[in-house]
Asks: 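Encoded as structure tokens, here's the structure I'll be asking about.
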Amino acid sequence: MSSHPTAFRNLMEELKKLPGIGPKAAERLAFYLIRDGGESVERLARALLALKEKIRCCSVCCSIGESDPCGICSDPNRDQGVICVVEDPQDLFAIERASEFKGVYHVLMGAITPLEGIGPESLKIAELLARTEKNPPREIILATNPTMEGEATAVYLARKLKGRGLKITRIARGLPIGANLEYADEITLMKSFQGRTEL
Amino acid sequence: MKLLKTKAIVIKKTRISEGDAIVTVFTESSGKLRFWAKGLYFFRNKYHGMFESGACVFLTYSERGTQGLCFFNSCEIVDPFKGIWGELQRMFAAFYFLELVDSWLKESDANPSVFHLLHGSLSLLEGAGSYETLVRVFELRMLALTGYSPKLDACVLCGKGPGKSCLCFNFEKGGIICSHCSDGKAAGPKVSPGALAFAAKGIAISGRHIERLKIPRGLAQEVEILSHHFLVSRLGKKLKSYRFLEL
Ligand SMILES: [Zn+2]
Ligand SMILES: [Zn+2]
């Protein structure tokens with residue numbers, strides 16, 4: 001049984017539920033938060049509440065935003081005719097940082113991962129198929145990660161989207177095997193977009 | 001600490017923090033082992049992208065520490081098996097092979113023959129026409145190489161040869177039961193001589209000869225009983241990646 005005060009222990013318990021946080025890290029973070037007499041705690045609490053109140057899932061692209069549709073989907077300056085398909089919102093933000101792409105996105109919320117039993121039905125694939133059926137875009141760029149899971153997802157999507165007369169492209173191999181878009185630098189990302197090839 | 005060197009095939013990596021992962025590999029000399037790869041997810045990491053499932057690498061590491069994890073030293077790619085990529089069924093079959101090895105063998109259960117089976121099967125997958133045969137043979141060979149071959153040449157109860165009639169396959173006994181011994185009671189699913197003959201060949205076959213084997217027409221389900229279903233019954237759990245072979 002831990003001898004920490006109850007409130008402190010409750011915080012540690014919550015922190016421990018976060019990915020990559022073990023008991024030691026949870027304790028360190030909790031101590032860090034109380035070090036300035038509670039100011040950090042208040043700021044963090046406000047940020048967490050705002051997250052709950054203001055952030056919602058976009059019903060068009062399945063990403064996160066402060067409105068539904070999100071800022072990107074409702075921006076008249078974005079080209080609705082080009083949809084870039086990514087695994088996670090983090091990938092979307094990485095591509096936005098490189099600011100080469102002016103189309104819209106679709107976030108799958110993961111990739112087909114057979115070793116964990118994550119299949120197409122667990123991802124936002126049905127939403128993508130419905131969306132592109134309703135408003136066929138000129139091009140769909142498959143920008144899943146160049147990992148085996150990302151590749152399997154891209155090939156699966158290409159198969160599902162085939163025969164609809166859509167242009168389907170895959171981001172270029174400039175990205176090394178196994179790379180994570182989220183961590184790619186802007187130039188690499190820009191090049192991989194420019195060098196995309198038709199499937 | 002003594003450095004060890006071995007060829008290994010990457011099974012999977014599990015992200016444990018922003019940059020770090022626990023990588024599970026199946027090595028040629030020491031069986032399955034896990035190590036902590038620090039900063040692997042960062043783009044500038046020397047080993048970023050090297051530990052893709054199915055890749056064959058040459059690994060330098062040192063023995064296990066307290067948490068059962070080995071200490072990673074260095075790594076280079078021997079063969080990424082890129083021929084598997086881009087073809088859905090090839091990729092799914094590769095994932096299934098990896099999960100099977102991961103579930104079937106305990107950590108540091110050294111089995112160089114299974115390593116060569118996995119390596120050879122991934123390499124055959126790169127140019128495979130029929131994944132189904134390859135998958136079935138992989139399962140049968142895996143059973144054989146780990147001492148769990150199903151007994152198919154004679155009834156497990158009376159020892160009589162199978163003859164030309166259909167027999168039952170009994171999961172618990174791990175072999176066939178003749179009609180005389182089963183005496184009208186269902187001792188397990190029925191299997192025909194053709195399926196038994198294929199499975200017997202699959203158990204004994206090695207290397208490139210696999211390409212010459214073909215599952216007899218109409219017997220795919222019976223062969224699946226003798227290989228996959230038997231394996232799952234021994235394992236006591238389903239394999240998550242198996243259903244993907246049907247996608
Ligand atoms: Zn949106
Ligand atoms: Zn008998």
Side-chain angles (χ1 to χ4, degrees), chain A residues 18-22 24-26 29 87-88 90-91 94 98 110-123 125 142 144-160 162 170 173-189 192 197 199, chain B residues 10-24 37 39-55 57 67 77 80-82 84-103 122 238-247:
Chain A
L18 300 173
I21 305 286
K24 277 267 166 264
L29 287 170
E87 288 179 21
D88 297 303
Q90 295 96 302
D91 302 332
I112 295 177
T113 313
L115 293 181
E116 283 167 36
I118 301 173
E121 72 291 341
S122 318
L123 306 171
I125 288 179
L142 301 173
T144 49
N145 286 322
T147 58
M148 191 139 83
E149 290 83 358
E151 191 69 15
T153 311
V155 175
Y156 178 84
L157 286 176
R159 205 168 75 177
K160 284 278 168 193
K162 229 179 172 178
R170 177 88 171 109
R173 302 273 179 266
L175 287 164
I177 296 175
N180 226 298
L181 285 193
E182 187 188 341
Y183 291 112
D185 60 78
E186 285 158 29
I187 293 167
T188 310
L189 262 180
S192 78
T197 48
L199 289 178
Chain B
V10 180
I11 295 178
K12 63 182 176 189
K13 55 181 190 289
T14 311
R15 198 171 185 162
I16 52 160
S17 69
E18 188 174 7
D20 302 358
I22 301 286
V23 181
T24 308
L40 186 67
Y41 283 94
F42 297 130
F43 218 69
R44 301 263 174 248
N45 188 297
K46 195 174 160 190
Y47 301 105
H48 183 88
M50 215 175 259
F51 298 115
E52 274 306 290
S53 293
V57 296
Q67 288 171 312
I77 291 267
F81 289 119
K82 275 295 271 187
I84 294 172
W85 292 47
E87 233 279 24
L88 210 52
Q89 290 310 312
R90 286 179 191 174
M91 288 189 273
F92 287 155
F95 278 122
Y96 175 60
F97 293 166
L98 297 170
E99 189 186 4
L100 189 46
V101 169
D102 193 23
S103 317
L122 290 172
K238 283 191 174 166
L239 292 156
K240 290 177 186 163
S241 58
Y242 190 62
R243 71 178 173 104
F244 288 79
L245 296 171
E246 306 282 309
L247 273 184

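Every chain is numbered from 1, with letters handed out A, B, ... down the list of sequences.
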Asks: Can you tell which part of A:E149 gets under 4.5 Å to a heavy atom of chain B, answering side chain, backbone, both or neither?
Replies: both

Asks: As an exercise, state the distance from CD1 of B:I84 to CG of B:L122, rounded to the nearest 0.5 Å.
Replies: 4.5 Å

Asks: Nearest 0.5 Å, please: how far is OG1 in B:T14 from CG in B:D20?
Replies: 12.5 Å

Asks: Who passes salt bridge (Lys or Arg N to Asp or Glu O under 4.0 Å) against A:R159, sequence neighbours left out?
Replies: none

Asks: Name the member of A:G119, A:G117, A:A25 that forms the most heavy-atom pairs with chain B at distances under 4.5 Å.
Replies: A:G117

Asks: I'd like to know which of A:T113, A:I21, A:I118 tops the heavy-atom pair count under 4.5 Å against chain B.
Replies: A:I118

Asks: Roughly how far, to the nearest 0.5 Å, is CG of A:N145 from CD of A:E87?
Replies: 4.0 Å

Asks: Is it the side chain or the backbone of B:F244 that comes within 4.5 Å of chain A heavy atoms, both, or neither?
Replies: side chain

Asks: What part of B:R90 lies closer than 4.5 angstrom to a heavy atom of chain A: side chain, backbone, both or neither?
Replies: neither

Asks: For chain A, which of B:K12, B:K240, B:R15, B:E87 has the most heavy-atom pairs under 4.5 Å?
Replies: B:K240

Asks: Which atom names give the shortest non-hydrogen contact between A:G110 and A:L123, and what distance separates them?
Replies: C-CD2, 3.6 Å

Asks: Which region of B:F92, side chain (C-beta onward) or backbone (N, CA, C, O), has a non-hydrogen atom less than 4.5 Å from a non-hydrogen atom of chain A, or is it both or neither?
Replies: side chain

Asks: Which heavy-atom pair separates B:L40 from B:A21 by the least distance, and what is that distance?
Replies: CD2-CB, 3.9 Å

Asks: Less than 4.5 Å to any heavy atom of chain A: does that hold for the side chain of B:L88, its backbone, both, or neither?
Replies: both

Asks: On a heavy-atom basis, which atom in B:E99 and which in B:S241 lie closest, and how many Å separate them?
Replies: OE1-OG, 2.5 Å

Asks: If you count heavy-atom pairs under 4.5 Å with chain A, which of B:A55, B:S17, B:G86, B:A94 comes out on top?
Replies: B:G86

Asks: Quick check on B:L247 against chain A: is it the side chain, the backbone, both or neither that has a heavy atom closer than 4.5 Å?
Replies: both

